[in-house]
Enquirer: 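Okay, handing you the structure first.
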Amino acid sequence: MPEMLEVEAYRRLAHNVLGLAVVAVDAPDAWIVKGGTTPDDLVDAFLGQTFVADRRIGKLLLLDTATGPTLGLRFGMTGVLDVDGVDGIDRLEYGSSRRNPVWDRFGLRFEGGRAMRLRDARRLGGVEVDPDERRLGPDASTLTAAQLRILLAERKAPLKARLMDQSAVAGLGNLLTDELLWRASLDPARPAGSLSDPERRRLRTHLHQTLVELAERGGSHTGDLQDSRVRGGRCPRDGAELQRRTVGGRTTYSCPEHQR
DNA sequence: ATTGTGGCCTGCCCGC
DNA sequence: TGCGGGCAGGCCACAA
């Protein structure tokens with residue numbers, strides 16, 4: 001599903017529409033329009049505008065106009081960004097690679113005939129005008145050691161839940177977090193505040209390594225743990241049967257042998 | 001304030 | 001072969 005690595009690919013794709021005037025706004029699905037705005041509001045906000053910058057915070061893609069509003073795009077679990085018929089990613093875990101026109105939930109057409117659209121089978125994504133960026137923590141790819149220490153300190157919530165709390169650190173979803181904690185040999189259910197200094201350093205090291213490595217491989221579903229994230233799956237490191245449980249409200253796979 | 005839970009969306013897979 | 005139940009997870013509202 002689109003976690004920060006996929007949305008980063010979408011951002012690079014969206015870069016292609018910078019500098020082009022919007023000649024049409026297609027918003028056929030009011031459900032996908034969030035933040036108290038309507039499809040008509042989207043037309044008013046972006047028709048005739050030109051995007052001048054592409055940004056990403058966690059799983060939120062932001063396209064800024066020069067003096068007007070900012071477009072915010074969220075992709076939920078099955079959202080794909082398509083520019084001129086090209087998808088931002090090759091394959092979406094848990095998503096369909098089919099292209100049903102009904103799944104086109106939002107689109108912009110630009111001068112010169114170019115087009116950008118949000119395709120989302122399950123309608124878990126969203127489009128917003130001027131999303132509140134303050135509700136997001138620092139992006140996981142730029143998280144400093146000091147920021148990590150502060151966001152974990154004193155917390156009783158499970159480590160995994162805290163890492164997936166987008167207001168604490170933005171960008172980590174279920175697959176990346178399971179992979180990260182498996183690599184860092186940390187139990188997802190540990191209270192976030194219980195990590196020792198060495199454990200926290202280990203977490204941060206693996207965070208950056210995991211993001212770089214999985215980005216190179218092609219996405220959040222390319223982790224070493226991924227193929228074993230099934231009932232009865234075994235730890236690729238030591239062969240122990242993985243534990244399957246709910247942590248932080250999400251299905252969680254972890255190794256009872258080496259994640260402590 | 002912090003943490004936990006349930007519901008929403010709907011395509012797809014599995015078992016009968 | 002068709003059908004239905006369960007499952008996937010990001011996000012939000014709401015409860016404790």
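Below, chains carry the letters A, B, ... as their sequence lines are ordered, and counting in each starts from 1.
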Enquirer: Using a heavy-atom cut-off of under 4.0 Å over every strand shown, decide if A:Arg231 touches base, sugar-phosphate, or nothing.
Expert: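 A:Arg231: backbone/sugar contact only, no base atoms under 4.0 Å.
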Enquirer: Let me know the distance between NE2 of A:His221 and P of C:dG9, rounded to the nearest Å.
Expert: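 Atom NE2 in A:His221 sits about 14 Å away from atom P in C:dG9.
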Enquirer: Could you tell me whether the phosphate oxygens of C:dA8, OP1 or OP2, come under 4.0 Å of any side-chain nitrogen or oxygen in A:Arg244?
Expert: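 For C:dA8, OP1 or OP2 has a side-chain N or O of A:Arg244 closer than 4.0 Å.
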Enquirer: Can you tell me if A:Arg250 and A:Thr177 form a side-chain donor-acceptor pair at under 3.5 Å?
Expert: no
Enquirer: In whole Å, what is the span from the CG atom of A:Leu159 to the P atom of B:dG4?
Expert: 12 Å
Enquirer: Specify the residue among A:Thr251 and A:Gln166 whose closest nucleotide of DNA chain C lies further upstream toward the 5′ end.
Expert: A:Thr251
Enquirer: Indicate whether OP1 or OP2 belonging to B:dT10 is found under 4.0 Å from a side-chain N or O atom of A:Trp103.
Expert: no
Enquirer: Counting any heavy atom closer than 4.0 Å, what does A:Arg105 reach on the DNA or RNA strands: base, sugar-phosphate only, or nothing?
Expert: nothing
Enquirer: Rounding to an integer number of Å, can you tell me how far A:Arg245 CZ sits from C:dC7 C1'?
Expert: 20 Å
Enquirer: A:Arg123 side chain N/O closer than 4.0 Å to the phosphate oxygens (OP1, OP2) of B:dT10?
Expert: yes
Enquirer: Please confirm whether the shortest side-chain N or O distance from A:Arg162 to OP1 or OP2 of B:dG4 is below 4.0 Å.
Expert: no
Enquirer: Expressed as a whole number of angstroms, how long is the span from A:Gln226:CD to C:dG9:C1'?
Expert: 13 Å
Enquirer: Would you say A:Leu186 and A:Val247 are hydrophobically clustered, going by side-chain heavy atoms of ILVMFWY under 4.5 Å?
Expert: no
Enquirer: To the nearest angstrom, how far is A:Ile32 atom CD1 from B:dC8 atom P?
Expert: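 In whole Å, B:dC8 P and A:Ile32 CD1 are 16 Å from each other.
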Enquirer: Looking at A:Arg155, I'd like to know whether one of its side-chain N or O atoms comes within less than 4.0 Å of OP1 or OP2 on B:dT2.
Expert: yes
Enquirer: Compare all side-chain heavy atoms of A:Trp182 with those of A:His258 and state whether any distance is below 4.5 angstrom.
Expert: yes
Enquirer: Side-chain N or O of A:Thr78 versus OP1/OP2 of C:dG9: is the shortest distance under 4.0 Å?
Expert: no
Enquirer: Apply the side-chain hydrogen bond (donor to acceptor under 3.5 Å, both in side chains) test between A:Ser254 and each candidate in A:Arg244, A:Arg260, A:Gln259, A:Arg245; give the one that qualifies.
Expert: A:Arg245
Enquirer: To the nearest 0.5 Å, how far apart are NE2 in A:His208 and CG in A:Leu143?
Expert: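 The distance works out to 6.0 Å.
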Enquirer: Where the side chain of A:Leu175 is defined as all heavy atoms beyond and including C-beta, which of B:dC8, B:dG4, C:dG9 is the nearest nucleotide?
Expert: C:dG9
Enquirer: Considering the terminal five base pairs at each end of the helix from B:dT2-C:dA16 to B:dC16-C:dG2, what angle separates the two local helix axes, rounded to 10°?
Expert: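 Rounded value for the end-axis angle: 40°.
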Enquirer: Quick check on DNA chain B: between A:Gly249 and A:Leu124, whose nearest nucleotide comes earlier from the 5' end?
Expert: A:Gly249
Enquirer: Starting at atom CG of A:Leu176, determine the distance to atom C1' of C:dG9, rounded to an integer number of angstrom.
Expert: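 Result: 13 Å.
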Enquirer: Rounded to whole angstroms, how far apart are NZ on A:Lys160 and P on B:dG4?
Expert: 13 Å
Enquirer: Considering heavy-atom distances to DNA chain B, does A:Ala161 or A:Arg250 have its closest nucleotide positioned more toward the 5' end?
Expert: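 With A:Ala161 and A:Arg250 compared, the 5'-side residue is A:Ala161.
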Enquirer: Classify the ring geometry of A:Phe51 against A:Phe46: parallel below 30°, tilted from 30° to 60°, perpendicular beyond 60°.
Expert: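 The arrangement is tilted - the two ring planes meet at 30° to 60°.
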Enquirer: Does the side chain of A:Lys156 get closer than 4.0 angstrom to OP1 or OP2 of B:dG4 through an N or O atom?
Expert: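 It does not, given that no N or O in the side chain of A:Lys156 lies less than 4.0 Å from OP1 or OP2 of B:dG4.
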Enquirer: Run through A:Asn174, A:Asp165, A:Asp187 and flag the one making a side-chain hydrogen bond (donor to acceptor under 3.5 Å, both in side chains) with A:Lys160.
Expert: A:Asn174
Enquirer: Below 4.0 angstrom from OP1 or OP2 of C:dC11, is there any side-chain N or O of A:Arg135?
Expert: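 No, no such contact exists.
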Enquirer: For residues A:Asp139 and A:Ser141, is any side-chain donor paired with an opposing acceptor at under 3.5 Å?
Expert: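 Present: a donor and an acceptor within the cut-off.
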Enquirer: What does A:Lys34 touch in the nucleic acid at a heavy-atom separation under 4.0 angstrom: a base, only the sugar-phosphate, or nothing?
Expert: nothing
Enquirer: Distance check needed: C:dC12 P versus A:Lys59 NZ, whole Å only.
Expert: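 Distance check: A:Lys59 NZ to C:dC12 P gives 11 Å.
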